Colleague: 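Have a look at the structure that comes next, please.
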There are 2 protein chains.
Amino acid sequence: MARRGETIELAVLGLLHEGPMHGYELRKRLNLMLGWSRVLSYGSLYPALKKMLRGALIEEVTTLPTPGVPVTRRPRIVYQVTELGTAEFTRLMSEVGPTAWEDDNFDIRFAFFGSTDMEIRLRVLEGRRTRLQERLDRVQSQLSMTQAEVDRYAAELQRHGVESVEREVRWLSDLINAERNPEQVALRPPTEQPQQQ
Amino acid sequence: MARRGETIELAVLGLLHEGPMHGYELRKRLNLMLGWSRVLSYGSLYPALKKMLRGALIEEVTTLPTPGVPVTRRPRIVYQVTELGTAEFTRLMSEVGPTAWEDDNFDIRFAFFGSTDMEIRLRVLEGRRTRLQERLDRVQSQLSMTQAEVDRYAAELQRHGVESVEREVRWLSDLINAERNPEQVALRPPTEQPQQQ
DNA sequence: GTTAGCATGTAAGGAGTTACATGATTTT
DNA sequence: AAAATCATGTAACTCCTTACATGCTAAC
């Protein structure tokens, strides 16, 4: 039950889904994709690749005659996902472990929604929404209790936090609706033009 | 130059600034305050307290006759901040190390703005804004390059990310203005009532 | 020809978690 | 009297980073 360490693994499997890649490129794409928080270092990527190689989730591509690029290339090690890896990808995407709703893990799952089916997408979106809603309820109940004695900066931080999470919940709700009614609603909710065309 | 491990230390020093507390209560207040992301565990709090005790940043309070509470209390170990700790708090608050603008570290600094002076507040706010703006610029320049080939879910994630960071930047700008013109603007920007009373 | 970036790794360590262990106090 | 929660701690482990080490290739 690989609940820990799923983050990089899932990201690599998802990216390799788009085509074979070498480590350096994986890192670049990952940092572009999840650039918001941390920058993935080689010190964690390469060992992870080795481990996945041992687990036969990925394999080396020996010859890949990319059209247009000269073949005189030595040091690059290009990986591709195996059948086992594809199965593991699906398993990880649908797994609802305790860390699956954290920011980074959710973002990775969301980024690869195109490689899954609607059932899983809905489960992930609704799970995240439920989690955020729980946090919101917890904070707001505590907020009403301790309201009087809080310093104004701490209060402003809480206000801003609540507002951000509420916004996130609305975003998730829009996405869930869009999943359920694929025809009626475009993926992007009408922020700019509130009229139907 | 304790650049790492500053997070808990700063939080503890900031909280003890409000008055003496024991470990359990520190954890509760911290989780209330920064409840958004992780929950601080005892396994990291208590060792940190021990370390700070060794460094004389905090000290045990032997007798504290809290009015109204019976004194028959044994196992609680109440800490208070020392002079050295107060100095360290100021130092950490004004330090602009590479991790100071990360979400958690920024939130902690912000939460204790009431215990610092405006100079430091402005430096922290402006530093955070600069960092976010840099990320924004980097992502948007990359976004314009790779625009065509991106999957729609990955694109929506990026769009949402950019929007969130832009919102955060605006929030910071409002706060910076409020710091610079303390009379004119209330801390909270006029969301509900745009009129002056 | 030298700087910048591509490309792959290893070793040591940091910052925290989970799980375990223990006992007192309050509530039901 | 049992259950919940208060209260303090330790040991092992995980995931990741930083710093180091190496060499190739493109650009200036």
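Residue numbers begin at 1 in each chain, while the letters A, B, ... track the order of the sequences. This is a predicted model, so every value here is computed, not measured.
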Colleague: Can you check the B/Glu102 CD to D/dC16 P distance for me, whole Å?
Modeller: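 Going from CD in B/Glu102 over to P in D/dC16 covers 15 Å.
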Colleague: Do B/His17 and B/Phe89 have ring centroids that are under 6.0 Å from one another?
Modeller: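 Aromatic pair counts; centres sit under 6.0 Å.
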Colleague: Should the pair A/Arg27 and A/Tyr42 be classed as cation-pi, given the thresholds of under 6.0 Å to the six-membered ring centre and 45° from the axis?
Modeller: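 Yes - A/Arg27 lies over the ring of A/Tyr42, closer than 6.0 Å to its centre and within 45° of its axis.
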Colleague: One pair to check against side-chain contact (heavy atoms from CB on, under 4.5 Å): A/Arg76 and A/Tyr24. What are the steps and the verdict?
Modeller: CA-CA 9 Å; A/Arg76 288 151 110 197; A/Tyr24 195 87; over 6 Å; no
Colleague: Taking side chain as C-beta onward, heavy atoms only, is B/Glu18 less than 4.5 Å from A/Asp151?
Modeller: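 They are not in side-chain contact.
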Colleague: In whole Å, I'd like the distance from the CG atom of A/Asn31 to the P atom of C/dC6.
Modeller: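 Computing the A/Asn31:CG to C/dC6:P distance gives 13 Å.
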Colleague: From CG of A/Asp104 over to P of D/dT17, roughly how many Å is that when rounded to an integer?
Modeller: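 So the two atoms are 10 Å apart, to the nearest Å.
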Colleague: Should A/Arg128 and A/Arg131 count as side-chain neighbours, where that means a heavy-atom distance under 4.5 Å?
Modeller: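 Counting from C-beta outward, A/Arg128 and A/Arg131 never come under 4.5 Å.
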Colleague: Nearest whole Å is fine: how far is D/dA7 P from B/Leu40 CG?
Modeller: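 It works out to 16 Å between those atoms.
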Colleague: Detail all sub-3.5 Å separations between protein N/O atoms and N/O atoms belonging to nucleotides 8-11 of chain D.
Modeller:
residue	atom	partner	partner atom	Å
D/dT8	OP1	B/Ile77	N	3.0
D/dT8	OP2	B/Gly23	N	3.3
D/dT8	OP2	B/Tyr24	N	2.8
D/dT8	OP2	B/Tyr46	OH	2.8
D/dT8	O5'	B/Tyr46	OH	3.3

Colleague: Calculate the interatomic distance between A/Leu30 atom CG and D/dC16 atom P; express it in whole Å.
Modeller: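 One finds 11 Å between P of D/dC16 and CG of A/Leu30, rounded.
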Colleague: Output the rounded distance in Å from CG (A/Leu26) to P (C/dC6).
Modeller: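 After rounding, the gap between these two atoms is 15 Å.
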Colleague: Using only heavy-atom distances, determine whether the side chains of B/Ser173 and B/Arg129 contain a donor-acceptor pair under 3.5 Å.
Modeller: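 A pair is found: one side chain offers a donor N or O, the other an acceptor, under 3.5 Å apart.
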Colleague: What integer distance in Å separates A/Glu9:CD from D/dC16:C1'?
Modeller: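 From A/Glu9 CD to D/dC16 C1': 15 Å.
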Colleague: Return the value, rounded to whole Å, for the distance between atom CZ of A/Arg27 and atom P of C/dT8.
Modeller: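 It is 12 Å, rounded to the nearest whole Å.
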